[in-house]
Amino acid sequence: MNDLFEDGPVDNTPEFSVSEISGAVKKAIEGGFSHVRVRGEVGRVSRPASGHIYLDLKDDRAVLAGVIWKGRAQGLAHRPEEGMEVIATGKLTTFPGQSKYQMVIEDIAPAGAGALMAMLEKRKAALAAEGLFAPERKKPLPYLPEIIGVVTSPSGAVIRDILHRLRDRFPRKVLVWPVAVQGAKCAPEVAAAIEGFNKLTPGGALPRPDLLIVARGGGSLEDLWGFNEEIVARAAATSDIPLISAVGHETDTTLIDYVSDMRAPTPTAAAELAVPVRMELLAWADQQGARLSRALTTGLTQRQQRVRDLVRALPQVDALVEGPRQRLDYLGERLPAALRGAAAKKRLQMSEAALRPGILSRRLAEDRRRLDGFAARLEPALIRRTRDGRTALEQTSRGLRGRVLQDRIARQSERLAVVLRRLSDRASRQQSERLAQLEALDRLRETLGYVETLKRGYAVVRGDGAVVTTKGAAQKAKALEIEFADGRLNVSKGMQGKLL
């Protein structure tokens, strides 16, 4: 009878699959920590091409992994950086693929002004090390710009103060690029405005400004933080147009103040730095005109006096021409006799060099002797030239024999064959390399495709032929189809209610 029963205690503990255990743990963690705020220091930060942000939150005893999905990361007011003290808000969940828990962060902010200042000093040191604050990089401001570009909010008091001050001092054409001056949109809009002004064409339909002013009113460190972002500092540093920064009050300092070509303590002071006072210029021009008139009058008077002094020092006109007049009279008396003597001398020379028959006969005899000498030298030269040409022709004909030509053709054929082999080998190598690159790209395509994601435990839900991403859409669908890594599963409408 005892043989019918097994020896030892019976274990009635239920068995779970790995997925069931992971799902139960996930449900327990998400149910107990659906909304938490965690304070800690940012450790490792990773920003892959997907747009998500992966980071670690740590203190002196523990590390908590965190992730910020792409949609949330784009709207963050402050980007997390390593070493930054932050307060993160979100929920805890698990990642069954690696048996670990992590925090899905919905919002992250520096833990007070101290963290912001620490991050600001770190960013300031990095930009200074690149030389963006160097004085030699700063461009001089134009003395009287024709067009001034202003980057600020169009609805605040700042733009009114700038326009009013410019109108009082020296009216100029002003182009306003409206931007948000605080919040998450501030930094990208200000950077885009600076770059946009630099891309305008000088003298175009919308002309490029000669000077830029980036301005906003005062505020707290958080309000002015957009002007401490790296993209704003780099946009100001790379601007080809001279730039004046006028952010906050006189005691407020932001990164754009260090990279700009000139810092103004207030927006009104920026307008004063941009243009001079018109009335002062007119008064200065009048003063310079008066000085110029006095200088011209004085110079003319001095030169007239100098001319009068020189005139008194000059001799009389009659005394200057007495000597030349006497020489002219003397030469006039000698001229007729000199002309008669010169004519007689030329007549004698012509009579001596006349073309007499004896002289012509002697010249013809001399020319005939020279020609005979040339003829005697010409015949041997022609014979020698003909002999040299015949010898060269014979050497050329020997080089054009059949055997010589065949040897040349054979050597050229061998060279051609070598070149063809090298071209064929190179073509084969290039084809192999292209095939290898194509295979690598195909493997990368398969790796980045959603099929590989399905193999890691994910699934794609389709309702009525379209991908379903929300619970409401799944309830409205007539039929659901779930795609796993190993196939697809159709779910009827009745089973949907049970699953929900």
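Hydrogens, waters and symmetry mates play no part in the numbers below; they use all other heavy atoms, side chains included. When a residue number appears, it is its place in the shown sequence, counting from 1.
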T254 and S245, any side-chain heavy atoms less than 4.5 Å apart: no
Nearest heavy-atom approach of R208 to L200 is CD-O, 3.4 Å
Between atom CD1 of I213 and atom CG of L273, what is the distance when rounded to the nearest 0.5 Å? 8.5 Å
Distance-minimising heavy-atom pair for D257 and T253: OD2-CA, 3.5 Å
Quick one: does P242's side chain get under 4.5 Å of P142's, heavy atoms only? yes
Taking every non-hydrogen atom, the tightest pair across A215 and V181: O-CG1, 4.3 Å
Please check if the number of heavy atoms outside Q326 that lie under 6.0 Å from its CD is greater than 12. no
Check whether S293 reaches the backbone of G289 with its side chain - one donor and one acceptor, N or O, closer than 3.5 Å. yes
Does R165 pair with E272 as a salt bridge, N-O distance under 4.0 Å? yes
Quick check: are there more than 12 heavy atoms from other residues, nucleotides or ligands sitting under 6.0 Å from CZ of R278? no
salt_bridge(E280, R169) N-O dist < 4.0 Å: no
Do other residues, nucleotides or ligands put more than 12 heavy atoms under 6.0 Å from the NZ atom of K185? no
Hey, could you give me the CG/CD1 distance between L141 and I241, rounded to the nearest 0.5 Å? 12.5 Å
Regarding Q305 and R308, is there a side-chain donor-to-acceptor distance under 3.5 Å anywhere? yes
Student check: side-chain heavy atoms of F133 and L127 closer than 4.5 Å: yes
Checking the side chain of N198 only, and the main-chain atoms of D240 only, is there a donor and an acceptor separated by less than 3.5 Å? yes
OH (Y54) and CD1 (I68) are apart, to the nearest 0.5 Å, by 11.0 Å
Is the backbone N or O of K70 less than 3.5 Å from a side-chain atom of H52, with the two atoms forming a donor-acceptor pair by type? yes
Looking at side-chain heavy atoms only, is the closest gap between F95 and V67 below 4.5 Å? no
Under the salt bridge (charged side-chain N to carboxylate O under 4.0 Å, His left out) test against E130, which residue among R123, R234, R137 passes? R234
Is there a side-chain contact between I409 and Q412 in this structure, where contact means two heavy atoms from C-beta onward sitting under 4.5 Å apart? no
Indicate the atoms forming the closest heavy-atom contact of A193 with V151, along with that distance. CB-CG1, 3.7 Å
When rounded to the nearest 0.5 angstrom, what is the spacing between OH in Y143 and CG in D210? 15.5 Å
Rounded distance (nearest 0.5 Å) linking atom CD1 of I256 with atom CG of L243: 5.5 Å
Taking side chain as C-beta onward, heavy atoms only, is L224 less than 4.5 Å from R216? yes
Should the heavy atoms of other residues, nucleotides or ligands under 6.0 Å from CZ of R72 be counted, would the total exceed 12? no
One pair to check against side chain to side chain contact (heavy atoms under 4.5 Å, CB included): F170 and L144. What are the steps and the verdict? CA-CA 9 Å; F170 207 120; L144 187 60; 3.9 Å; yes
Do I244 and S260 have side-chain heavy atoms sitting under 4.5 Å apart? no
Checking D161 side chain against T268 main chain: does a donor-acceptor pair fall under 3.5 Å? no
Minimum-distance pair of heavy atoms, taken over all atoms of P80 and L55: CG-CD2, 3.8 Å
Is there a donor-acceptor pair under 3.5 Å between the side chain of E189 and the backbone N or O of A180? yes
Electrostatic pair R422-D425, nearest N-O below 4.0 angstrom: no
From CZ (R387) to CD1 (I383), nearest 0.5 Å: 8.0 Å
In terms of heavy-atom contacts, A233 and L255 come closest through CB-CB, 4.4 Å
For residues I162 and I148, determine if any side-chain heavy atom of one lies less than 4.5 Å from a side-chain heavy atom of the other. no
